[in-house]
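For reference, the structure discussed in these notes is given below.
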Amino acid sequence: MQYISVLIQHHAGPTGNVLICKKAGGPWQFPCDRIRTMESGEEAAERVAWEQLQMKVTPGKLTMVGHKRPKDGVAEHIACGNITHNTDTKCDYHCYYEAVNKFQTEPVSGTYDEFAWVHPSELGRYEFSGDDGNFMAKYDPWVNGRMIPDVRMY
């Protein structure tokens with residue numbers, strides 16, 4: 001099964017705040033859904049942003065891919081471009097795409113109860129769980145440790 005989470009930036013660039021969402025009583029998370037059959041990751045990112053938040057986005061780069069073995073629940077997130085990742089077809093995949101808020105609009109509630117625009121360097125201060133928690137364990141030091149060039153979006 002394939003899932004997608006969208007890291008929506010208010011404006012493109014390393015200083016663009018990222019949207020995080022929260023359901024009542026739940027942890028913070030990125031907008032997320034399943035990737036439908038015959039749907040590309042970019043199409044799924046656009047659909048998720050529109051269906052859940054009523055926002056038009058321009059999909060950017062695939063940031064990271066996570067895979068979880070259903071048998072034992074072990075999850076691993078791999079930065080894109082790394083060809084040493086597990087290609088086991090029995091894994092559940094969770095892709096993280098960056099996207100830009102095309103018209104700088106605010107999200108509309110429906111799926112989520114609470115929203116926050118957070119600078120990428122401050123994402124580590126928020127509590128995430130599940131796949132997003134595993135993702136943040138790798139993404140936060142990646143961003144804050146400046147282990148990647150600050151040209152993630154466009």
Practice task
Please name all residues satisfying side chain to side chain contact (heavy atoms under 4.5 Å, CB included) with Gln104, sequence neighbours left out, ordered by chain then number.
Solution key: His10, His11
Problem - Sequence neighbours excluded - ring-ring contact (aromatic ring centres under 6.0 Å, His included) pairs with any residue from residues 25-46 - result: Trp28-Tyr126, Phe30-Phe128, Phe30-Phe135
Exercise for the section: Calculate, to the nearest 0.5 Å, the distance between atoms CD and CD1 belonging to Glu46 and Ile4 respectively. Expected result: 10.0 Å
Handout entry: Gap separating the CG atom of Asn101 from the CG atom of Leu53, nearest 0.5 angstrom
Key = 9.5 Å
Fill in the blank from the handout: Value for OG1 (Thr63) from CD (Glu98), rounded to nearest 0.5 Å, stands at 3.5 Å
Exercise for the section: Could you tell me the separation between the CD1 atom of Ile20 and the CD1 atom of Ile8, rounded to the nearest 0.5 Å? Expected result: 12.0 Å
Handout entry: Side-chain heavy atoms of Val57 within contact of Lys102, under 4.5 Å
Key = no
Review item, side-chain donor-acceptor pairs of residues 107-118, under 3.5 Å, at least two apart:
from: Tyr112; atom 1: OH; to: Gln29; atom 2: NE2; distance (Å): 3.2
from: Tyr112; atom 1: OH; to: Cys32; atom 2: N; distance (Å): 3.4
from: Tyr112; atom 1: OH; to: Gln52; atom 2: OE1; distance (Å): 3.0
from: Asp113; atom 1: OD2; to: Ala24; atom 2: N; distance (Å): 2.6
from: Trp117; atom 1: NE1; to: Glu106; atom 2: OE1; distance (Å): 3.0

Exercise for the section: Please tell me if the side chains of Met55 and Trp50 come closer than 4.5 Å, counting only heavy atoms from C-beta onward. Expected result: no
Exercise for the section: Mind checking the CG-OG spacing from Asp131 to Ser5? Nearest 0.5 Å is all I need. Expected result: 7.5 Å
Handout entry: Val65 to Tyr93 - nearest heavy-atom pair and separation
Key = CG1-CD2, 3.8 Å
Practice task
Can you see which heavy atom on Cys95 is nearest to which on Leu62, and at what distance?
Solution key: CB-CD1, 3.7 Å
Problem - Tyr3: partners by side chain to side chain contact (heavy atoms under 4.5 Å, CB included), with sequence neighbours left out - result: Met1, Arg34, His94
Practice task
Would you check, one step at a time, whether the test side-chain contact (heavy atoms from CB on, under 4.5 Å) holds for Glu42 with Tyr97?
Solution key: CA-CA 8 Å; Glu42 291 84 3; Tyr97 273 86; 3.8 Å; yes
Handout entry: Qualifying residues under side chain to side chain contact (heavy atoms under 4.5 Å, CB included), relative to Ser129, sequence neighbours excluded
Key = Pro27
Handout entry: Which residues share a side chain to side chain contact (heavy atoms under 4.5 Å, CB included) with Glu39, sequence neighbours left out
Key = Ile35, Arg36, Glu43, Ala44, Arg47
Fill in the blank from the handout: To the nearest 0.5 Å, atom CD of Gln9 lies from atom NE2 of His119 at 9.0 Å
